[in-house]
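This structure is a prediction, so every number in the text was calculated from the model and none was measured. Residue numbering restarts at 1 for every chain, and letters A, B, ... go by the order of the sequence lines.
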Amino acid sequence: MKWSNRWIWPVLFLALACGPKLPSDLETPPVPDLTAVESSVREQLGTERAELDRQLESGVEPAELAAAFGRMGQLYHAYELLPPAAACYRNTLRLDADNPQWRYYLGGVYRRQGRLDDAAEILGEALDGAPDSAPLRLRLGQVALARDRPAEARGHFERALTADADCAAARYGLGEAARAEGDLEGAAEHFQKTLDEQPYALQVLYPLGQTLLRLGREEEGRRYLDRSAQRRMSVGARPTCSDPWDEELSGFTRSAAAHLTRGLHAAYGGRHEEALGEYRKALELAPDDPVVRQSMGSALAATGDLAGALEQYREAVRLAPEDPDLNQDLGVVAAGLGQLDLARKHLETALELSPGSSTARLQLAGVAQREGRFERAAGLYAQVLAAEPGNQQAQMERVKCLVRLGRTAEATRELGRFVDRQPPEDAHERMRLAMLLAGLGDVARAKRHLAAVLEMEAPPAVHAQARAALGRLR
Amino acid sequence: MPDAPPIFTEEASARGLDFVHFNGMSGGLYIAEVMGAGVAVFDYDNDGDLDVYLVQGALLDDTELGATTFPPSEAMRPLTDRLYRNDLENGEPSFVDVTEESGLNATGFGMGVATGDVDNDGWIDLYVTNLGSNQLWRNRGAGAEGAASNTVTFEDVTAASGADDERWSVSSTFLDFDRDGLLDIYVTNYVDFTVAGNKRCKSLTGAPDYCGPISYRPQGDRLLRNLGGNGARGAASNTVQFEDAGVAAGIAGEAGSGLGVVSGDFDVDGRTDLYVANDGMPNRMWLQQAGGGFRDEALNRGSALSLEGMAEAGMGVVAGDVDADGDEDLLITHLALETNTLYLNDGTGFFDDVTVASGLGSPSFTMTGFGVAFLDFDNDGWLDLMAANGAVKVIPDLVAERDPYPLHMPNLLFQHLGEARGGPRFEDVSRRAGEDFRRSEVSRGLATGDLDNDGDVDVVISNNNGPARLLINQIGTERHWLGLRLVGEATARDMLGARVGVERSDAPTLWRRVRTGGSYLSANDPRVLVGLGGTAEVESVVVEWPSGKMESFEAVADQYSTLSEGSGVEVE
């Protein structure tokens, strides 16, 4: 780490000699290499450092200097520049030992650096100033869990909940502590409550499902695990707790990447307008970044503004013409707007660039189908099925194409084989396929699958429909 | 009190293992350049000692070789994978580069290597994975047509055998999943990265950085079933043939950013299963079903996600019986801030994450792990652990030091302390493990084997953009050991998948499996090396052969023995 001796030591010397009495053990925070960082970030860090310089030079009171070091530390911390952040926080604590916020931040830095014992110590000291801080208790509990001290963790999580009854992260922590202590009933209860309080905290589905399985509550457990399997992304899925100190920290980052990250979190939380706001800020800083354009396009599409999305994707593809994802996204949105020529062009490009992409192939098949090119579409669906034999959408659409081509017997045969080989686990889906088979004339197979639907777990209405269909076929 | 001797000494260059990896770096921050490469230890020439195969990178774009960020030395040119023959004498390994005479000419952007005898001729073959087409190198044995009588050569049979995969393949492993006596291949494929479609990613400060897998589309893996040399698809009858068995096996179409794979019998039903570590996506546990085919049970069985329900960045994976209860446990290496994860098998294929309680969590929290091995380095009968580390995103502290390659990290060695609170307990002993553990490099592959045949496990580590390291064990022979090679009845092929139980008086049976796969991009010694601790007494050795046959053998400690299927006493 390169240490800057350029500015702080002469200034400190001056300050120590002329100004108010400062501690002699102040550290020189290492200066990160900022040559490659975004100009807005460089400017932000430079301005803050200059302000710190100014305060040091002017011999301000220790409390004021502590705040300046604290702010500098926050800035480094927010950008994950941890060694300089830690040094700034330590200086702050030398100048202002009573403020728990700086200890909280320093504990967070130590935690990320893997210094669990140091983190526990500094966070513990912060309790003197804020014994009822829910975020502080929460972090202490998390560190205790990482140090394999579940009983200690439990105490902190309980105190966090006392301080803030809505702190779902602490509730979840109680579940983790209970599980670590072998109390599976307690763990399941806490996980369930966490999910009740924050249904979007989908991360909890998995530990809850696993705990229920271990308790022998298999059906219940598998239900949660099935839901867990359906979620693709983990962004924004953790249980949360109101944490003003942490919010203050995240407010410092102003890079395009930081706005993108915040936008992504908002988008996965379903807060598309908020996501759009963040992406707009990112776009101002990095108008030529195709990822920003893509994210913007995605958010616009999610809000129903397909024309706006198309514009963003077009720009993204202009910036990165050989990116298969961008070409695919552009193709999908163009198809959604009925611009089939444009859609075909970019989906074909996407496939050329990423020949294994079943998604692009499926979309291209859809375009061909809409253009009435059923032979082409059927061929593309067959290619998807060769790679993904269980792809129900591809099989269904291929069957429709074959019917349109007059190849009914082939369609019936294929669909029959597909349903026999991979009968849908969802009763409604299975009934749909059975009815399609009946429509194609394969009544025997349709009846067999309808009968199977009656044996499946399903809402009464689905069973009633299956019974009625069976009656009609008889 | 004198200092304890180091556990391992690093002797690569002293022993002639002078390989240096080239990663193709040219400023484009291509994700592929930081992911390779692997290493295999195997006895290619059947002379009884382990040789070393190291996978090399290549140029990724049209940059001139000399203008790349870290141009290769003249000694490493032309850029090809390298085969080093071990001329072991009096317990002293010595390596000679025999790439050229071997006929091996692997010039792709290399990732990993797997070892296994695909044609049952008693000579170990190689499957090399690349960014792009893979290669199956058939070992022709000594004195094949056009070669000197004592020279072992290889031929590229990729196209003729149907074993290729043009995607970005990473780790692969040989296994006989259908128990037909022929070794099949499982290949993990990562994401759909291409140089032309390279994405530009940034850190939180806006500084350019390597992209993660989330920037690209995950790919499906491939299961290649060995059809034997039956002349299928018009090939010569002596040419081994593979078919893509993914559809029939039920693994096709399940995309995942796979990096690591290991085979085993995780649900203890006698059938071969697979565990795949995915990067940033749920891992998969492919359990083979009674009627054939595989089903992914990772989510139900507790081995898909972290304890908190998050998909982690699975890199390397290793299986072994760390709690000596007879089943196979799993360890997966991960990205920094995630810890490595130890899953304990409950004996029925359900897994508990015991990372924190085992002591493995905290030391691995700041490390990005790749290659990994359960290895009993002190021969006390408990499986210890080694992890090869190196970041995939630039480390700001190193950038501030103007480090030219700011991804390096030290490797870790953990000693198994036995059982505590009902589970295994490990201690980080890296500080006294030897000088190599004080180095900081971008390590990727890790392969284990007894390279000096002295009865303790040695290690070869492959570094991205750096020299290979040879770690010679200095302490294992202080205790007793048992070395076993398990070969087939019809041919002297290593019986990958066989399970060995070493029965001892007044101590639990030690169970090990014959496998070369696991770790990351790498292949291990197929021989089984079992630490016996302070006693040389072995009651018997039980072998469960892949055919299902079970036999008992007598064995003598402190030496290697070859056990042939059919030559033991059959056990019910």
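Only the backbone of B/S203 has a heavy atom closer than 4.5 Å to any heavy atom of chain A. For A/V41, the part sitting under 4.5 Å from any heavy atom of chain B is the side chain, from C-beta outward, and nothing else. Of the two parts of A/E176, only the side chain, counted from C-beta on, holds a non-hydrogen atom closer than 4.5 Å to a non-hydrogen atom of chain B. For a residue to count as touching a neighbouring chain, one of its non-hydrogen atoms must lie under 4.5 Å from one of that chain's; by this rule A/F191 does not touch chain B. Proximity to chain A involves both the backbone and the side chain of B/A304, based on heavy atoms less than 4.5 angstrom apart. Proximity to chain A is limited to the backbone of B/A298, based on heavy atoms less than 4.5 angstrom apart. Neither the backbone nor the side chain of B/F193 comes within contact range of chain A; no heavy atom of the residue lies under 4.5 Å from a heavy atom of that chain. Of the atoms belonging to A/L145, it is backbone heavy atoms, and not side-chain ones, that fall under 4.5 Å from chain B. Heavy-atom distances place both the backbone and the side chain of B/L307 under 4.5 Å from chain A. Only the backbone of B/S306 comes within contact range of chain A, with at least one heavy atom under 4.5 Å from a heavy atom of that chain. The contact between B/S215 and chain A is made entirely by backbone atoms, counting heavy-atom distances below 4.5 Å.
Remark: B/S257 engages B/Y190, B/V191, B/P213, B/P218, B/N278, B/D279, B/M281 in a side-chain contact (heavy atoms from CB on, under 4.5 Å) (not counting sequence neighbours). Taking B/V187 as the reference, B/Y127, B/T129, B/N134, B/S169, B/S172, B/I185, B/N189, B/R222, B/L224 meet the side-chain contact (heavy atoms from CB on, under 4.5 Å) condition, with sequence neighbours excluded.
No donor-acceptor pair closer than 3.5 Å links the side chain of B/T205 to the backbone N or O of A/Y79.
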Would you check, one step at a time, whether the test salt bridge (charged side-chain N to carboxylate O under 4.0 Å, His left out) holds for A/D289 with B/R200? CA-CA 8 Å; A/D289 187 331; B/R200 303 280 174 178; over 6 Å; no
Test side-chain contact (heavy atoms from CB on, under 4.5 Å) on A/S354 and B/R217 and set out the steps. CA-CA 9 Å; A/S354 180; B/R217 287 200 205 102; 3.5 Å; yes
Working for side-chain contact (heavy atoms from CB on, under 4.5 Å), residues A/Y206 and B/M310: CA-CA 8 Å; A/Y206 182 76; B/M310 305 300 280; over 6 Å; no
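Of the listed residues (B/V354, B/T355, B/T339, B/L299), the one with the most heavy-atom contacts under 4.5 Å to chain A is B/L299. Top candidate by heavy-atom pairs under 4.5 Å with chain A, chosen from B/D353, B/N300, B/D352, B/T194, is B/N300. Put simply, of B/D346, B/N198, B/D403, B/V399, the one with the most heavy-atom pairs under 4.5 Å next to chain A is B/V399.
At a cut-off of 3.5 Å, with distance as the only test, no side-chain donor of B/R301 or A/Q210 sits close to an acceptor on the other residue.
A cation-pi contact links A/R111 to B/F365, judged by a cut-off of 6.0 Å to the six-membered ring centre and 45° from its axis.
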